2 protein chains.
Amino acid sequence: MSTPGRGLHGHVLDTLGPEITAGEYPPGSVLRTDELAQRFDVSRSVMREAVRVLESMHLVQSRRRVGVTVRPTAEWNVYDPQVIRWRLAGKDRPRQLRSLTLLRSAIEPVAAGLAARHATAEQCAELTECALGMVANSRGHKLEEYLVHDMAFHRAILDASGNEMFARLGDVVAEVLAGRTHHDVMFEDPDPAAVTLHVQVAEAVRAGDAVRAEELTREITVGALQELDILAP
Amino acid sequence: MSTPGRGLHGHVLDTLGPEITAGEYPPGSVLRTDELAQRFDVSRSVMREAVRVLESMHLVQSRRRVGVTVRPTAEWNVYDPQVIRWRLAGKDRPRQLRSLTLLRSAIEPVAAGLAARHATAEQCAELTECALGMVANSRGHKLEEYLVHDMAFHRAILDASGNEMFARLGDVVAEVLAGRTHHDVMFEDPDPAAVTLHVQVAEAVRAGDAVRAEELTREITVGALQELDILAP
DNA sequence: GCAGCCAAAAAGTCAGACTTATTTGTCACG
DNA sequence: CGTGACAAATAAGTCTGACTTTTTGGCTGC
(Lines give C-alpha, C1' and ligand atoms only; values in the text may rest on other atoms or scores of the structure.)
Protein backbone atom coordinates (compact mmCIF):
# COMPACT_ATOMS: atom_id res chain seq x y z
CA MET A 1 0.00 0.00 0.00
CA SER A 2 2.46 2.62 1.15
CA THR A 3 5.38 1.05 -0.68
CA PRO A 4 3.99 -1.65 -2.92
CA GLY A 5 6.78 -2.97 -5.07
CA ARG A 6 9.99 -2.38 -3.18
CA GLY A 7 11.89 -5.27 -4.62
CA LEU A 8 11.91 -9.00 -4.33
CA HIS A 9 12.33 -9.03 -0.58
CA GLY A 10 9.19 -6.92 -0.38
CA HIS A 11 7.24 -9.50 -2.28
CA VAL A 12 8.48 -12.20 0.07
CA LEU A 13 7.36 -10.12 3.05
CA ASP A 14 3.95 -9.58 1.50
CA THR A 15 3.19 -13.27 1.80
CA LEU A 16 5.43 -14.40 4.67
CA GLY A 17 4.46 -11.55 6.98
CA PRO A 18 0.73 -12.21 6.85
CA GLU A 19 1.33 -15.94 7.25
CA ILE A 20 3.30 -15.43 10.44
CA THR A 21 0.99 -12.81 11.94
CA ALA A 22 -1.98 -15.03 11.11
CA GLY A 23 -0.44 -17.70 13.30
CA GLU A 24 0.13 -20.22 10.53
CA TYR A 25 3.49 -20.96 12.10
CA PRO A 26 2.86 -21.28 15.85
CA PRO A 27 5.40 -19.66 18.18
CA GLY A 28 8.53 -21.74 18.38
CA SER A 29 8.19 -23.00 14.81
CA VAL A 30 11.48 -23.17 12.98
CA LEU A 31 11.96 -22.02 9.41
CA ARG A 32 15.11 -22.57 7.38
CA THR A 33 16.43 -19.68 5.28
CA ASP A 34 17.43 -22.00 2.44
CA GLU A 35 14.03 -23.66 2.28
CA LEU A 36 12.29 -20.28 2.28
CA ALA A 37 14.59 -19.04 -0.47
CA GLN A 38 13.67 -22.10 -2.53
CA ARG A 39 9.98 -21.70 -1.80
CA PHE A 40 9.89 -18.08 -2.95
CA ASP A 41 12.41 -18.69 -5.71
CA VAL A 42 14.78 -15.97 -4.61
CA SER A 43 18.45 -15.95 -3.75
CA ARG A 44 19.58 -16.39 -0.19
CA SER A 45 20.73 -12.78 -0.01
CA VAL A 46 17.20 -11.58 -0.72
CA MET A 47 15.76 -14.06 1.75
CA ARG A 48 18.18 -12.90 4.41
CA GLU A 49 17.05 -9.30 3.94
CA ALA A 50 13.44 -10.34 4.41
CA VAL A 51 14.33 -12.27 7.55
CA ARG A 52 16.17 -9.26 8.92
CA VAL A 53 13.05 -7.14 8.51
CA LEU A 54 10.87 -9.73 10.22
CA GLU A 55 13.49 -9.90 12.95
CA SER A 56 13.38 -6.12 13.44
CA MET A 57 9.62 -6.45 13.94
CA HIS A 58 10.32 -9.07 16.60
CA LEU A 59 8.20 -11.55 14.67
CA VAL A 60 11.06 -14.03 14.40
CA GLN A 61 14.52 -14.61 15.79
CA SER A 62 17.38 -15.96 13.75
CA ARG A 63 19.90 -18.14 15.57
CA ARG A 64 22.87 -20.06 14.28
CA ARG A 65 22.59 -23.76 13.86
CA VAL A 66 18.89 -23.54 14.79
CA GLY A 67 17.15 -21.52 12.12
CA VAL A 68 14.56 -18.79 12.07
CA THR A 69 12.19 -19.31 15.01
CA VAL A 70 8.80 -17.63 15.29
CA ARG A 71 8.45 -15.55 18.43
CA PRO A 72 5.43 -15.60 20.77
CA THR A 73 2.75 -13.05 19.95
CA ALA A 74 3.42 -11.11 23.14
CA GLU A 75 6.83 -10.06 21.82
CA TRP A 76 5.75 -8.73 18.43
CA ASN A 77 6.08 -5.04 17.63
CA VAL A 78 2.33 -4.59 17.44
CA TYR A 79 2.64 -0.86 16.85
CA ASP A 80 4.45 -1.35 13.57
CA PRO A 81 1.98 -0.14 10.92
CA GLN A 82 3.00 -2.99 8.67
CA VAL A 83 2.27 -5.56 11.37
CA ILE A 84 -1.05 -3.87 12.10
CA ARG A 85 -2.01 -4.05 8.44
CA TRP A 86 -1.03 -7.69 8.21
CA ARG A 87 -3.01 -8.59 11.30
CA LEU A 88 -6.06 -6.59 10.23
CA ALA A 89 -6.02 -8.56 6.99
CA GLY A 90 -5.91 -11.84 8.90
CA LYS A 91 -8.59 -13.90 10.54
CA ASP A 92 -8.49 -12.42 14.05
CA ARG A 93 -9.36 -9.07 12.61
CA PRO A 94 -12.27 -8.48 15.04
CA ARG A 95 -9.95 -8.94 18.01
CA GLN A 96 -7.55 -6.45 16.45
CA LEU A 97 -10.25 -3.90 15.91
CA ARG A 98 -11.27 -4.15 19.55
CA SER A 99 -7.71 -3.68 20.77
CA LEU A 100 -7.14 -0.73 18.48
CA THR A 101 -10.47 0.91 19.25
CA LEU A 102 -9.67 0.66 22.93
CA LEU A 103 -6.37 2.35 22.19
CA ARG A 104 -8.24 5.07 20.34
CA SER A 105 -10.54 5.57 23.33
CA ALA A 106 -7.53 6.24 25.52
CA ILE A 107 -5.59 8.46 23.14
CA GLU A 108 -8.07 10.54 21.19
CA PRO A 109 -9.82 12.33 24.05
CA VAL A 110 -6.50 13.45 25.50
CA ALA A 111 -5.31 14.45 22.03
CA ALA A 112 -8.48 16.52 21.52
CA GLY A 113 -7.88 18.28 24.82
CA LEU A 114 -4.36 19.14 23.76
CA ALA A 115 -5.58 20.23 20.35
CA ALA A 116 -7.94 22.72 22.00
CA ARG A 117 -4.91 24.30 23.67
CA HIS A 118 -2.40 24.18 20.83
CA ALA A 119 -4.26 24.14 17.52
CA THR A 120 -3.34 26.89 15.08
CA ALA A 121 -5.93 28.82 13.11
CA GLU A 122 -5.15 26.71 10.02
CA GLN A 123 -5.65 23.51 11.98
CA CYS A 124 -8.98 24.75 13.33
CA ALA A 125 -10.07 25.57 9.80
CA GLU A 126 -9.03 22.14 8.56
CA LEU A 127 -10.95 20.58 11.41
CA THR A 128 -14.21 22.39 10.74
CA GLU A 129 -13.84 21.70 7.04
CA CYS A 130 -13.57 17.98 7.75
CA ALA A 131 -16.57 18.10 10.07
CA LEU A 132 -18.64 19.91 7.45
CA GLY A 133 -17.57 17.31 4.89
CA MET A 134 -18.86 14.62 7.22
CA VAL A 135 -22.19 16.40 7.60
CA ALA A 136 -22.52 16.83 3.84
CA ASN A 137 -22.04 13.10 3.27
CA SER A 138 -23.94 11.80 6.26
CA ARG A 139 -27.08 11.00 4.28
CA GLY A 140 -27.71 9.21 1.07
CA HIS A 141 -25.44 6.14 1.07
CA LYS A 142 -22.27 8.16 0.58
CA LEU A 143 -20.25 6.08 3.01
CA GLU A 144 -17.02 6.34 1.03
CA GLU A 145 -17.04 10.11 0.90
CA TYR A 146 -18.01 10.22 4.57
CA LEU A 147 -15.12 7.93 5.43
CA VAL A 148 -12.59 10.18 3.74
CA HIS A 149 -13.64 13.15 5.83
CA ASP A 150 -13.91 11.06 8.98
CA MET A 151 -10.32 9.84 8.59
CA ALA A 152 -9.12 13.35 7.83
CA PHE A 153 -10.92 14.69 10.91
CA HIS A 154 -9.31 12.28 13.34
CA ARG A 155 -5.92 12.70 11.71
CA ALA A 156 -6.28 16.47 12.07
CA ILE A 157 -7.09 16.15 15.77
CA LEU A 158 -4.09 13.95 16.39
CA ASP A 159 -1.81 16.26 14.43
CA ALA A 160 -3.13 19.35 16.21
CA SER A 161 -2.37 17.78 19.57
CA GLY A 162 1.23 18.77 18.97
CA ASN A 163 2.43 15.45 20.33
CA GLU A 164 4.49 13.35 17.97
CA MET A 165 3.42 10.03 19.49
CA PHE A 166 -0.25 10.89 19.10
CA ALA A 167 0.23 12.22 15.60
CA ARG A 168 1.79 8.97 14.45
CA LEU A 169 -1.39 7.09 15.36
CA GLY A 170 -3.20 8.82 12.52
CA ASP A 171 -2.50 5.94 10.18
CA VAL A 172 -3.73 3.40 12.71
CA VAL A 173 -6.97 5.27 13.31
CA ALA A 174 -7.50 5.65 9.58
CA GLU A 175 -6.97 1.92 9.18
CA VAL A 176 -9.54 1.18 11.87
CA LEU A 177 -12.11 3.53 10.40
CA ALA A 178 -11.58 2.15 6.92
CA GLY A 179 -11.87 -1.40 8.23
CA ARG A 180 -15.14 -0.59 9.93
CA THR A 181 -16.65 0.82 6.76
CA HIS A 182 -15.33 -1.76 4.34
CA HIS A 183 -15.42 -5.08 6.13
CA ASP A 184 -17.80 -4.92 9.01
CA VAL A 185 -21.50 -4.48 8.93
CA MET A 186 -22.31 -0.81 8.91
CA PHE A 187 -25.60 0.88 8.61
CA GLU A 188 -26.37 2.59 5.35
CA ASP A 189 -25.82 6.00 6.88
CA PRO A 190 -23.62 6.93 9.85
CA ASP A 191 -25.14 7.62 13.23
CA PRO A 192 -26.43 11.23 13.18
CA ALA A 193 -25.47 11.67 16.84
CA ALA A 194 -21.86 10.82 16.00
CA VAL A 195 -21.83 13.35 13.20
CA THR A 196 -23.10 16.05 15.52
CA LEU A 197 -20.43 15.17 18.07
CA HIS A 198 -17.68 15.67 15.48
CA VAL A 199 -19.00 19.12 14.65
CA GLN A 200 -19.13 19.99 18.33
CA VAL A 201 -15.57 18.81 18.85
CA ALA A 202 -14.42 21.09 16.05
CA GLU A 203 -16.26 23.96 17.74
CA ALA A 204 -14.79 23.20 21.15
CA VAL A 205 -11.26 23.07 19.74
CA ARG A 206 -11.74 26.36 17.97
CA ALA A 207 -13.08 27.86 21.20
CA GLY A 208 -10.10 26.53 23.10
CA ASP A 209 -12.33 24.58 25.48
CA ALA A 210 -10.07 21.66 26.32
CA VAL A 211 -12.35 19.99 28.84
CA ARG A 212 -15.31 20.05 26.49
CA ALA A 213 -13.25 18.83 23.52
CA GLU A 214 -11.93 15.95 25.59
CA GLU A 215 -15.35 15.00 26.89
CA LEU A 216 -17.02 15.12 23.48
CA THR A 217 -14.27 13.05 21.92
CA ARG A 218 -14.66 10.54 24.73
CA GLU A 219 -18.30 10.22 23.75
CA ILE A 220 -17.26 9.53 20.17
CA THR A 221 -14.85 6.78 21.13
CA VAL A 222 -17.26 5.25 23.63
CA GLY A 223 -19.74 5.12 20.79
CA ALA A 224 -17.21 3.35 18.62
CA LEU A 225 -16.61 0.80 21.35
CA GLN A 226 -20.31 0.18 21.86
CA GLU A 227 -20.74 -0.26 18.14
CA LEU A 228 -18.08 -2.97 18.20
CA ASP A 229 -19.68 -4.68 21.18
CA ILE A 230 -22.97 -4.78 19.32
CA LEU A 231 -21.62 -5.96 16.02
CA ALA A 232 -18.93 -8.37 17.27
CA PRO A 233 -19.67 -9.33 20.85
CA MET B 1 20.34 -4.48 25.43
CA SER B 2 17.67 -6.91 24.30
CA THR B 3 19.84 -8.54 21.64
CA PRO B 4 23.32 -7.09 21.92
CA GLY B 5 25.52 -8.94 19.49
CA ARG B 6 23.30 -10.15 16.72
CA GLY B 7 25.88 -10.12 14.04
CA LEU B 8 27.77 -7.59 12.01
CA HIS B 9 24.66 -5.87 10.71
CA GLY B 10 23.62 -5.35 14.31
CA HIS B 11 26.85 -3.57 15.06
CA VAL B 12 26.32 -1.32 12.08
CA LEU B 13 22.82 -0.47 13.31
CA ASP B 14 24.13 0.30 16.77
CA THR B 15 26.05 3.25 15.39
CA LEU B 16 24.12 4.21 12.28
CA GLY B 17 20.70 4.10 13.96
CA PRO B 18 21.58 6.58 16.71
CA GLU B 19 23.29 8.83 14.17
CA ILE B 20 20.19 9.05 12.02
CA THR B 21 17.72 9.45 14.89
CA ALA B 22 19.97 12.12 16.37
CA GLY B 23 19.51 14.08 13.19
CA GLU B 24 23.15 13.97 12.11
CA TYR B 25 21.94 13.37 8.60
CA PRO B 26 19.12 15.86 7.98
CA PRO B 27 16.01 14.59 6.16
CA GLY B 28 16.73 14.26 2.48
CA SER B 29 20.39 13.42 3.01
CA VAL B 30 21.63 10.70 0.70
CA LEU B 31 23.85 7.85 1.79
CA ARG B 32 25.49 5.33 -0.54
CA THR B 33 25.51 1.65 0.46
CA ASP B 34 29.00 1.12 -0.89
CA GLU B 35 30.42 4.03 1.06
CA LEU B 36 28.68 2.88 4.22
CA ALA B 37 30.00 -0.63 3.69
CA GLN B 38 33.50 0.78 3.39
CA ARG B 39 33.07 2.99 6.42
CA PHE B 40 31.97 0.12 8.66
CA ASP B 41 34.33 -2.32 6.99
CA VAL B 42 31.64 -4.84 6.18
CA SER B 43 30.54 -6.46 2.95
CA ARG B 44 27.76 -5.00 0.88
CA SER B 45 25.45 -7.89 1.78
CA VAL B 46 25.73 -7.04 5.46
CA MET B 47 25.25 -3.36 4.73
CA ARG B 48 22.14 -4.11 2.69
CA GLU B 49 20.62 -6.03 5.59
CA ALA B 50 21.22 -3.07 7.88
CA VAL B 51 19.65 -0.71 5.36
CA ARG B 52 16.62 -2.99 5.08
CA VAL B 53 16.08 -2.79 8.81
CA LEU B 54 16.37 1.00 8.81
CA GLU B 55 13.95 1.01 5.92
CA SER B 56 11.43 -1.10 7.82
CA MET B 57 11.59 1.49 10.60
CA HIS B 58 10.84 4.16 8.01
CA LEU B 59 14.02 5.98 8.95
CA VAL B 60 15.34 5.81 5.39
CA GLN B 61 14.18 4.95 1.92
CA SER B 62 16.32 3.14 -0.60
CA ARG B 63 15.80 4.06 -4.23
CA ARG B 64 17.62 2.97 -7.34
CA ARG B 65 20.08 5.31 -8.93
CA VAL B 66 19.68 7.79 -6.09
CA GLY B 67 20.79 6.02 -2.92
CA VAL B 68 19.57 5.70 0.65
CA THR B 69 17.72 8.88 1.59
CA VAL B 70 16.89 9.85 5.15
CA ARG B 71 13.18 10.35 5.72
CA PRO B 72 11.62 13.29 7.59
CA THR B 73 11.12 12.73 11.29
CA ALA B 74 7.34 12.76 10.93
CA GLU B 75 7.48 9.47 9.03
CA TRP B 76 9.61 7.48 11.45
CA ASN B 77 8.14 4.51 13.30
CA VAL B 78 8.43 6.25 16.63
CA TYR B 79 6.77 3.36 18.47
CA ASP B 80 9.55 0.97 17.56
CA PRO B 81 11.29 0.22 20.88
CA GLN B 82 14.63 0.31 19.13
CA VAL B 83 13.94 3.76 17.72
CA ILE B 84 12.73 4.94 21.13
CA ARG B 85 15.93 3.71 22.74
CA TRP B 86 18.08 5.39 20.11
CA ARG B 87 16.28 8.68 20.50
CA LEU B 88 16.33 8.56 24.28
CA ALA B 89 20.08 8.12 24.06
CA GLY B 90 20.38 11.15 21.79
CA LYS B 91 20.47 14.82 22.49
CA ASP B 92 16.76 15.65 22.31
CA ARG B 93 16.13 13.25 25.11
CA PRO B 94 14.10 15.79 27.17
CA ARG B 95 11.69 16.29 24.29
CA GLN B 96 11.31 12.53 23.99
CA LEU B 97 10.59 12.12 27.65
CA ARG B 98 7.86 14.74 27.44
CA SER B 99 6.22 13.05 24.46
CA LEU B 100 6.38 9.65 26.09
CA THR B 101 5.16 10.88 29.46
CA LEU B 102 2.20 12.50 27.75
CA LEU B 103 1.52 9.15 26.09
CA ARG B 104 1.69 7.50 29.50
CA SER B 105 -0.80 10.02 30.89
CA ALA B 106 -3.29 9.02 28.22
CA ILE B 107 -2.81 5.27 28.39
CA GLU B 108 -2.12 4.31 31.97
CA PRO B 109 -5.31 5.64 33.61
CA VAL B 110 -7.46 3.78 31.09
CA ALA B 111 -5.30 0.68 31.54
CA ALA B 112 -5.74 0.87 35.31
CA GLY B 113 -9.49 1.10 34.90
CA LEU B 114 -9.48 -1.99 32.73
CA ALA B 115 -7.18 -3.77 35.17
CA ALA B 116 -9.68 -3.18 37.94
CA ARG B 117 -12.25 -5.05 35.88
CA HIS B 118 -10.13 -7.86 34.48
CA ALA B 119 -7.20 -8.49 36.81
CA THR B 120 -6.85 -12.03 38.09
CA ALA B 121 -6.05 -12.84 41.71
CA GLU B 122 -2.42 -13.50 40.76
CA GLN B 123 -2.16 -10.16 39.01
CA CYS B 124 -3.62 -8.38 42.05
CA ALA B 125 -1.08 -10.12 44.26
CA GLU B 126 1.77 -9.13 41.94
CA LEU B 127 0.50 -5.57 41.99
CA THR B 128 0.38 -5.24 45.76
CA GLU B 129 3.76 -6.91 46.02
CA CYS B 130 5.24 -4.30 43.72
CA ALA B 131 3.57 -1.49 45.64
CA LEU B 132 4.93 -2.83 48.92
CA GLY B 133 8.39 -3.10 47.37
CA MET B 134 8.11 0.56 46.44
CA VAL B 135 7.14 1.50 49.99
CA ALA B 136 10.01 -0.54 51.41
CA ASN B 137 12.54 1.30 49.25
CA SER B 138 11.01 4.76 49.38
CA ARG B 139 13.42 6.02 52.03
CA GLY B 140 17.14 5.88 52.45
CA HIS B 141 18.63 6.58 49.01
CA LYS B 142 17.57 3.22 47.56
CA LEU B 143 16.52 4.67 44.22
CA GLU B 144 17.67 1.65 42.22
CA GLU B 145 15.64 -0.82 44.24
CA TYR B 146 12.69 1.56 44.14
CA LEU B 147 12.97 1.83 40.37
CA VAL B 148 12.82 -1.93 39.90
CA HIS B 149 9.54 -2.14 41.77
CA ASP B 150 8.17 0.97 40.10
CA MET B 151 8.81 -0.46 36.63
CA ALA B 152 7.32 -3.80 37.66
CA PHE B 153 4.24 -2.04 39.03
CA HIS B 154 3.44 -0.16 35.87
CA ARG B 155 4.19 -3.18 33.73
CA ALA B 156 1.81 -5.21 35.89
CA ILE B 157 -0.96 -2.65 35.44
CA LEU B 158 -0.54 -2.60 31.68
CA ASP B 159 -0.47 -6.40 31.52
CA ALA B 160 -3.53 -6.72 33.73
CA SER B 161 -5.49 -4.41 31.46
CA GLY B 162 -5.94 -7.38 29.18
CA ASN B 163 -5.28 -5.22 26.15
CA GLU B 164 -2.38 -6.24 23.97
CA MET B 165 -1.63 -2.72 22.75
CA PHE B 166 -1.44 -1.39 26.30
CA ALA B 167 0.63 -4.33 27.47
CA ARG B 168 3.25 -3.71 24.81
CA LEU B 169 3.89 -0.24 26.21
CA GLY B 170 5.43 -1.82 29.30
CA ASP B 171 8.91 -1.56 27.81
CA VAL B 172 8.40 2.07 26.89
CA VAL B 173 7.18 3.03 30.35
CA ALA B 174 10.08 1.15 31.91
CA GLU B 175 12.46 3.03 29.67
CA VAL B 176 10.93 6.37 30.70
CA LEU B 177 11.09 5.55 34.40
CA ALA B 178 14.66 4.33 34.12
CA GLY B 179 15.62 7.45 32.20
CA ARG B 180 14.12 9.67 34.85
CA THR B 181 16.07 7.97 37.62
CA HIS B 182 19.38 7.63 35.82
CA HIS B 183 19.80 10.75 33.75
CA ASP B 184 17.59 13.50 35.05
CA VAL B 185 17.78 15.26 38.32
CA MET B 186 15.81 13.34 40.87
CA PHE B 187 15.44 13.94 44.54
CA GLU B 188 17.21 11.59 46.86
CA ASP B 189 13.97 9.86 47.78
CA PRO B 190 10.80 9.55 45.70
CA ASP B 191 7.80 11.73 46.47
CA PRO B 192 5.92 10.11 49.39
CA ALA B 193 2.59 11.15 47.90
CA ALA B 194 3.37 9.23 44.71
CA VAL B 195 4.25 6.13 46.70
CA THR B 196 0.96 6.32 48.54
CA LEU B 197 -0.92 6.69 45.26
CA HIS B 198 0.63 3.49 43.94
CA VAL B 199 -0.49 1.58 47.00
CA GLN B 200 -3.98 3.00 46.63
CA VAL B 201 -4.11 2.00 42.97
CA ALA B 202 -3.22 -1.55 43.92
CA GLU B 203 -6.03 -1.50 46.47
CA ALA B 204 -8.54 -0.08 44.01
CA VAL B 205 -7.68 -2.70 41.41
CA ARG B 206 -8.04 -5.47 43.96
CA ALA B 207 -11.39 -4.03 45.02
CA GLY B 208 -12.51 -3.85 41.39
CA ASP B 209 -13.14 -0.11 41.64
CA ALA B 210 -12.41 0.92 38.05
CA VAL B 211 -13.29 4.59 38.44
CA ARG B 212 -11.09 5.02 41.47
CA ALA B 213 -8.19 3.10 39.92
CA GLU B 214 -8.39 5.28 36.84
CA GLU B 215 -8.58 8.51 38.82
CA LEU B 216 -5.67 7.59 41.10
CA THR B 217 -3.50 6.58 38.17
CA ARG B 218 -4.33 9.85 36.49
CA GLU B 219 -2.99 11.62 39.56
CA ILE B 220 0.23 9.63 39.25
CA THR B 221 0.74 10.54 35.61
CA VAL B 222 -0.20 14.17 36.18
CA GLY B 223 2.46 14.21 38.86
CA ALA B 224 4.98 12.78 36.43
CA LEU B 225 4.12 15.49 33.93
CA GLN B 226 4.43 18.25 36.49
CA GLU B 227 7.79 16.85 37.55
CA LEU B 228 8.97 17.13 33.95
CA ASP B 229 7.66 20.68 33.65
CA ILE B 230 9.58 21.63 36.76
CA LEU B 231 12.82 19.92 35.89
CA ALA B 232 12.90 20.59 32.14
CA PRO B 233 10.59 23.50 31.33
C1' DG C 1 12.67 25.00 -26.84
C1' DC C 2 11.26 20.40 -26.71
C1' DA C 3 11.12 15.44 -27.61
C1' DG C 4 13.43 11.51 -27.47
C1' DC C 5 17.43 8.85 -26.95
C1' DC C 6 21.80 7.40 -24.72
C1' DA C 7 25.03 6.70 -21.10
C1' DA C 8 26.25 6.66 -16.34
C1' DA C 9 25.24 5.65 -11.62
C1' DA C 10 23.61 3.23 -7.90
C1' DA C 11 20.70 -0.21 -6.00
C1' DG C 12 19.15 -4.90 -6.85
C1' DT C 13 20.02 -9.76 -7.71
C1' DC C 14 22.39 -14.03 -7.97
C1' DA C 15 25.69 -17.92 -7.28
C1' DG C 16 29.26 -20.09 -4.91
C1' DA C 17 32.80 -20.63 -1.67
C1' DC C 18 34.09 -20.17 2.83
C1' DT C 19 33.67 -19.18 8.16
C1' DT C 20 31.75 -19.64 12.65
C1' DA C 21 28.95 -20.77 16.33
C1' DT C 22 25.94 -24.12 18.42
C1' DT C 23 23.99 -28.31 19.10
C1' DT C 24 24.02 -33.07 19.49
C1' DG C 25 25.87 -37.37 19.90
C1' DT C 26 29.50 -40.38 21.19
C1' DC C 27 32.97 -42.32 23.79
C1' DA C 28 36.09 -42.82 27.37
C1' DC C 29 36.84 -42.14 32.11
C1' DG C 30 35.47 -41.65 36.82
C1' DC D 1 25.60 -45.11 35.66
C1' DG D 2 26.58 -40.59 35.14
C1' DT D 3 29.62 -37.16 33.48
C1' DG D 4 32.72 -34.73 31.14
C1' DA D 5 35.30 -33.69 27.04
C1' DC D 6 35.80 -34.08 22.31
C1' DA D 7 34.25 -34.50 17.51
C1' DA D 8 30.96 -34.13 13.75
C1' DA D 9 27.06 -32.19 11.67
C1' DT D 10 24.30 -28.30 10.62
C1' DA D 11 22.47 -23.92 9.52
C1' DA D 12 23.27 -19.16 9.79
C1' DG D 13 26.75 -15.68 8.80
C1' DT D 14 30.04 -13.48 5.71
C1' DC D 15 32.52 -12.17 1.57
C1' DT D 16 33.36 -11.54 -3.29
C1' DG D 17 32.62 -10.65 -8.00
C1' DA D 18 29.86 -10.60 -11.89
C1' DC D 19 25.68 -9.27 -13.74
C1' DT D 20 20.86 -6.84 -14.24
C1' DT D 21 17.60 -3.15 -13.79
C1' DT D 22 15.90 1.19 -13.07
C1' DT D 23 16.21 5.96 -12.95
C1' DT D 24 18.18 10.27 -13.85
C1' DG D 25 20.36 13.78 -16.36
C1' DG D 26 22.43 15.39 -20.21
C1' DC D 27 22.94 15.57 -25.10
C1' DT D 28 21.51 15.57 -29.71
C1' DG D 29 18.76 16.83 -33.41
C1' DC D 30 14.56 18.39 -35.00
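Below, all heavy atoms of this structure are taken into account, side chains as well, without hydrogens, waters or symmetry copies. These numbers come from a predicted model, not from an experiment. By convention in this document, chain letters (A, B, ...) are assigned in the order of the sequence lines, proteins followed by strands, and residues within each chain are numbered from 1.
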Practice problem: Using the closest heavy atom to pick a nucleotide of DNA chain C for each, name whichever of B:Ser62 or A:Ser45 lands nearer the 5' end. | Solution: B:Ser62

Self-check item: Pairwise side-chain contact, B:Asn137 with B:Met134, heavy-atom cut-off 4.5 Å (strictly under)
Solution: no

Quiz item: In residues 25-35 of chain B, which residues come under 4.0 Å of DNA chain D by heavy atom?
Solution: none

Practice problem: Can you see which heavy atom on B:Arg155 is nearest to which on B:Gly170, and at what distance? | Solution: NH1-C, 3.7 Å

Exercise. Answer with yes or no whether the side chains of B:Gln82 and A:His58 bring together a donor and an acceptor at under 3.5 Å.
Key: no

Quiz item: Donor-acceptor pair, A:Asn77 side chain versus A:Asp80 backbone, under 3.5 Å?
Solution: no

Self-check item: Exercise: do B:His149 and B:His198 side chains pair donor with acceptor under 3.5 Å
Solution: no

Practice problem: Give the rounded distance in Å between these two atoms: CD of B:Glu49 and C1' of C:dA11. | Solution: 15 Å

Self-check item: Nucleotide C:dT13, atom P - distance to CG of A:Asp41 in whole Å
Solution: 13 Å

Exercise. Heavy atoms under 4.0 Å is the rule here; annotate nucleotides 20-26 of chain C 5' to 3' with B where the base is hit, S where only the sugar-phosphate is, and - elsewhere.
Key: BSBB---

Quiz item: Rounded to whole angstrom units, what separation is found between the CE atom of A:Met47 and the C1' atom of C:dG12?
Solution: 16 Å

Self-check item: Opening and closing nucleotides of DNA chain D in contact with chain A, under 4.0 Å to non-hydrogen atoms
Solution: D:dA9 to D:dT14

Practice problem: Would you tell me if any nitrogen or oxygen in the side chain of B:Arg48 comes within less than 4.0 Å of OP1 or OP2 on C:dG12? | Solution: yes

Quiz item: Where do B:Gly17 and B:Leu54 come nearest, in terms of heavy atoms and distance?
Solution: CA-CD2, 4.4 Å

Self-check item: Exercise: do B:Ser56 and A:Ser56 side chains pair donor with acceptor under 3.5 Å
Solution: yes

Quiz item: Can a donor-acceptor pair be found between the side chains of B:Glu55 and A:His9 at a distance below 3.5 Å?
Solution: no

Quiz item: For the pair made of CG in A:Leu13 and P in C:dG12, what is the distance, rounded to whole Å?
Solution: 13 Å

Quiz prompt | Heavy-atom side-chain contact between A:Thr181 and A:Leu177 under 4.5 Å | solution = no

Exercise. Could you pull out the closest heavy-atom pair between A:Leu13 and A:Ala50, with the gap in Å?
Key: CD2-O, 3.7 Å

Quiz item: Hey, does A:Ile107 have a side-chain heavy atom less than 4.5 Å from the side chain of B:Leu103?
Solution: yes

